[in-house]
Amino acid sequence: MLNVPSQSFPAPSSQQRVAAIGRSKVPLKPGRSLMDWIRLTKSGKDLTGLKGRLIDVTEEELAQHNKKEDCWICIRGMVYNITPYMEYHPGGEEELMKAAGRDGTDLFDQVHRWVNYESMLKECLIGRMAIKHVSISKEVTSVENKMNKHLNGSVASSKMSRTSSKESHPWYDWFQTESLVTVAVYTKMKNVCSELVIVDHLENVLRGEIIIGDYSYLLHSELSHPVQKDIEVKVSATAGKIEIKMKKKEPVSWKSLGQPMDGHNSFLKHSQRGLYYRKCRLASKTDINYNTKLFCVQLPQGCHLQVPVGHHIYLKMNISGVDIVKPYTPVASCLLPDAQYSTFCNKQCLYLMIKIYPNGSITPHLENLTVGDYISISNPQGTFSSFQIENVMDVFLVAAGTGITPMIRLLQHVLTCVSSLSNKTK
């Protein structure tokens with residue numbers, strides 16, 4: 001008997017539902033494609049109406065520009081005149097008007113967090129939001145006096161607050177031998193898996209990000225001394241401990257791990273963490289059919305990245321001076337022809353099955369890549385967890401066209417679990 005999904009499928013917060021909302025498109029007029037927009041931004045035409053001036057914008061002034069023929073939007077403190085972009089927006093004018101004359105950061109993050117808006121809208125930049133100057137009232141001064149009188153109590157309270165925060169905040173330590181440096185991260189969480197640990201070592205900079213539920217913990221440091229390019233990552237799921245092992249180039253004693261860099265030792269909502277990209281080498285390109293290709297991209301040395309089942313990555317290419325970003329879901333290496341499987345099947349490779357659209361914004365440029373070229377790939381993104389299907393008896397997968405790509409690894413994962421369970425019961 002067929003199990004019919006409930007009316008809440010997809011779940012309200014699932015990637016399927018979010019994607020369905022964010023990827024709603026409307027027909028655009030001829031001459032209003034992404035490449036047409038790029039050509040317009042390169043034409044030298046004044047798209048701001050300010051003749052190149054940058055201004056500070058108050059909330060009151062921003063609110064006045066809330067019409068289709070005069071529309072300003074604020075994203076992360078920067079104000080853009082998106083009036084000329086209206087007809088080029090794939091989601092339609094109505095979607096943009098939801099943030100007209102106000103701060104549209106939250107709306108943007110819900111739908112297009114991966115889009116490089118700074119590059120897309122740089123010719124529309126009006127300026128930044130003006131800083132509000134708050135006058136200090138007598139009431140505030142009175143409160144400050146009371147706080148000073150009770151300083152000891154405040155200090156004690158502050159210590160309690162820090163202790164409480166530290167209890168939920170991951171932390172790290174490091175130690176060394178004559179030839180090895182080890183960074184240990186203590187997440188205080190069980191069931192931490194290797195797929196939720198992303199480490200990059202590039203030009204003597206160590207960047208490690210650990211995904212813990214809805215949060216992201218970041219290590220980011222310029223190392224004190226050079227180390228070998230290759231790194232080793234070990235994850236103890238039961239202890240919630242992660243070790244990053246690096247081999248010293250010289251047997252010297254380190255006085256510190258290194259110089260902290262932007263975001264080091266921070267613990268933020270994952271959605272608040274910007275996307276991080278690394279350059280990956282195209283190892284092979286194989287025809288699947290007349291308009292679909294399988295791209296095998298090789299992660300750089302010193303990179304530990306595994307895309308969880310049901311998650312995706314973003315490809316970024318600079319086209320005509322504009323960064324174009326598109327999401328793609330890696331597929332299983334089993335799609336490789338037998339002759340290539342042994343050569344390219346390893347943990348340092350990702351496999352992307354991509355349909356080439358002749359008039360697409362990025363796929364024609366992907367098709368023109370040759371083996372050895374480089375392309376930027378982001379950290380994995382997504383909310384799906386394989387735990388959601390652990391106790392499910394029936395799994396039904398519905399996909400159309402290249403929508404099959406997320407299903408391939410999910411199906412492989414389900415079959416692997418069934419096979420493992422079958423072997424245990426024998």
Side-chain angles (χ1 to χ4, degrees), residues 22-133 274-275 277 314-327 357-365 368 376:
R23 296 175 68 179
S24 175
K25 295 186 177 182
V26 299
L28 297 176
K29 297 177 182 178
R32 295 297 185 269
S33 68
L34 175 60
M35 296 311 297
D36 291 318
W37 171 252
I38 292 175
R39 280 191 284 270
L40 177 61
T41 61
K42 300 296 180 183
S43 67
K45 184 177 180 180
D46 179 18
L47 300 181
T48 64
L50 297 178
K51 298 181 179 180
R53 293 183 299 115
L54 294 178
I55 63 173
D56 288 342
V57 182
T58 64
E59 289 184 5
E60 293 76 16
E61 185 174 6
L62 176 63
Q64 293 175 10
H65 300 270
N66 62 351
K67 303 177 181 63
K68 288 184 179 181
E69 61 276 10
D70 179 21
C71 183
W72 291 7
I73 285 179
C74 173
I75 304 177
R76 293 188 174 88
M78 308 304 290
V79 181
Y80 299 88
N81 179 4
I82 63 165
T83 311
Y85 181 64
M86 283 284 183
E87 294 184 345
Y88 295 83
H89 184 236
E93 296 178 357
E94 290 186 7
E95 194 69 24
L96 291 176
M97 288 304 296
K98 292 178 181 178
R102 63 188 185 89
D103 192 330
T105 305
D106 289 342
L107 179 63
F108 176 84
D109 285 344
Q110 289 172 18
V111 181
H112 293 309
R113 191 172 73 89
W114 46 273
V115 172
N116 193 326
Y117 66 91
E118 296 103 324
S119 179
M120 290 278 289
L121 300 175
K122 63 182 179 182
E123 298 301 326
C124 300
L125 180 64
I126 294 289
R128 67 175 68 245
M129 289 298 295
I131 299 173
K132 271 191 171 183
H133 296 280
L275 288 177
Y277 291 86
Y314 292 103
L315 296 187
K316 181 171 72 172
M317 295 186 73
N318 189 279
I319 301 171
S320 300
V322 176
D323 287 335
I324 306 299
V325 181
K326 290 289 182 181
Y357 295 91
N359 298 319
S361 59
I362 194 171
T363 55
H365 301 274
N368 291 333
S376 297

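- By the ring-ring contact (aromatic ring centres under 6.0 Å, His included) test, Tyr88 pairs with Trp37, sequence neighbours left out.
- Put simply, the side chain of Ile55 reaches to within 4.5 Å of the side chain of Val57, judged on heavy atoms.
- The closest side-chain heavy-atom distance from Ile319 to Met35 is below 4.5 Å.
- For the atom pair CE (Met317) and CD1 (Ile362), the distance works out to 6.0 Å, reported to the nearest 0.5 Å.
- Rounded to the nearest 0.5 angstrom, Ile126 CD1 and Leu121 CG are separated by 11.0 Å.
- Distance check, rounded to the nearest 0.5 Å: CG of Asn368 to NE2 of His365 gives 7.5 Å.
- Sorted by first and then second residue, the side-chain hydrogen bond (donor to acceptor under 3.5 Å, both in side chains) pairs with a member in residues 69-80 read His65-Asp70, Arg76-Asp109; sequence neighbours excluded.
- In this structure, Arg39 and Asp36 have side chains that are in contact, with non-hydrogen atoms separated by less than 4.5 Å.
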Task: Evaluation steps, side-chain contact (heavy atoms from CB on, under 4.5 Å), between Met129 and Val79 - done: CA-CA 7 Å; Met129 289 298 295; Val79 181; 3.5 Å; yes
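- Nearest heavy atom pair, residue Lys67 against residue Gln64, reads NZ-O, 4.2 Å.
- The shortest distance between side-chain heavy atoms of Ser33 and Asn359 does not fall below 4.5 Å.
- Rounded to the nearest 0.5 angstrom, Leu40 CG and Cys124 SG are separated by 8.0 Å.
- Legend: residues meeting salt bridge (charged side-chain N to carboxylate O under 4.0 Å, His left out) with Lys68, ordered by chain and number and at least two apart, are Glu93.
- Checked by atom type and distance alone, the side chain of Asn81 pairs as donor or acceptor with a backbone atom of Thr48 at under 3.5 Å.
- We find the CG-CD1 distance between Leu96 and Ile82 to be 4.0 Å, quoted to the nearest 0.5 Å.
- The distance from atom CD1 of Ile73 to atom CG of Leu107, rounded to the nearest 0.5 Å, is 8.0 Å.
- With hydrogens and angles ignored, the 3.5 Å screen pairs no side-chain donor or acceptor of Ser361 with any backbone N or O of Leu34.
- Between Met120 and Tyr85 the shortest side-chain heavy-atom distance falls below 4.5 Å.
- Considering all non-hydrogen atoms of both residues, Thr363 and Tyr357 come closest at OG1-N, 3.0 Å.
- Heavy atoms only, all atoms of each residue included: Val322 and Ser119 are closest at CA-OG, 3.3 Å.
- Pairing each heavy atom of Leu28 with each of His89, the nearest pair is CD2-O, 3.5 Å.
- The environment of CZ in Arg128 is sparse: at most 12 heavy-atom neighbours from other residues, nucleotides or ligands sit within 6.0 Å.
- Without hydrogens or angle criteria, Thr83 side chain to Cys71 main chain gives a donor-acceptor distance under 3.5 Å.
- Judged by distance alone, the side chain of Arg102 and the main-chain N or O of Lys98 form a donor-acceptor pair under 3.5 Å.
- Side chain of Thr41 to main chain of Glu123: no donor-acceptor pair is present (N/O by atom type, distance under 3.5 Å, no hydrogens or angles).
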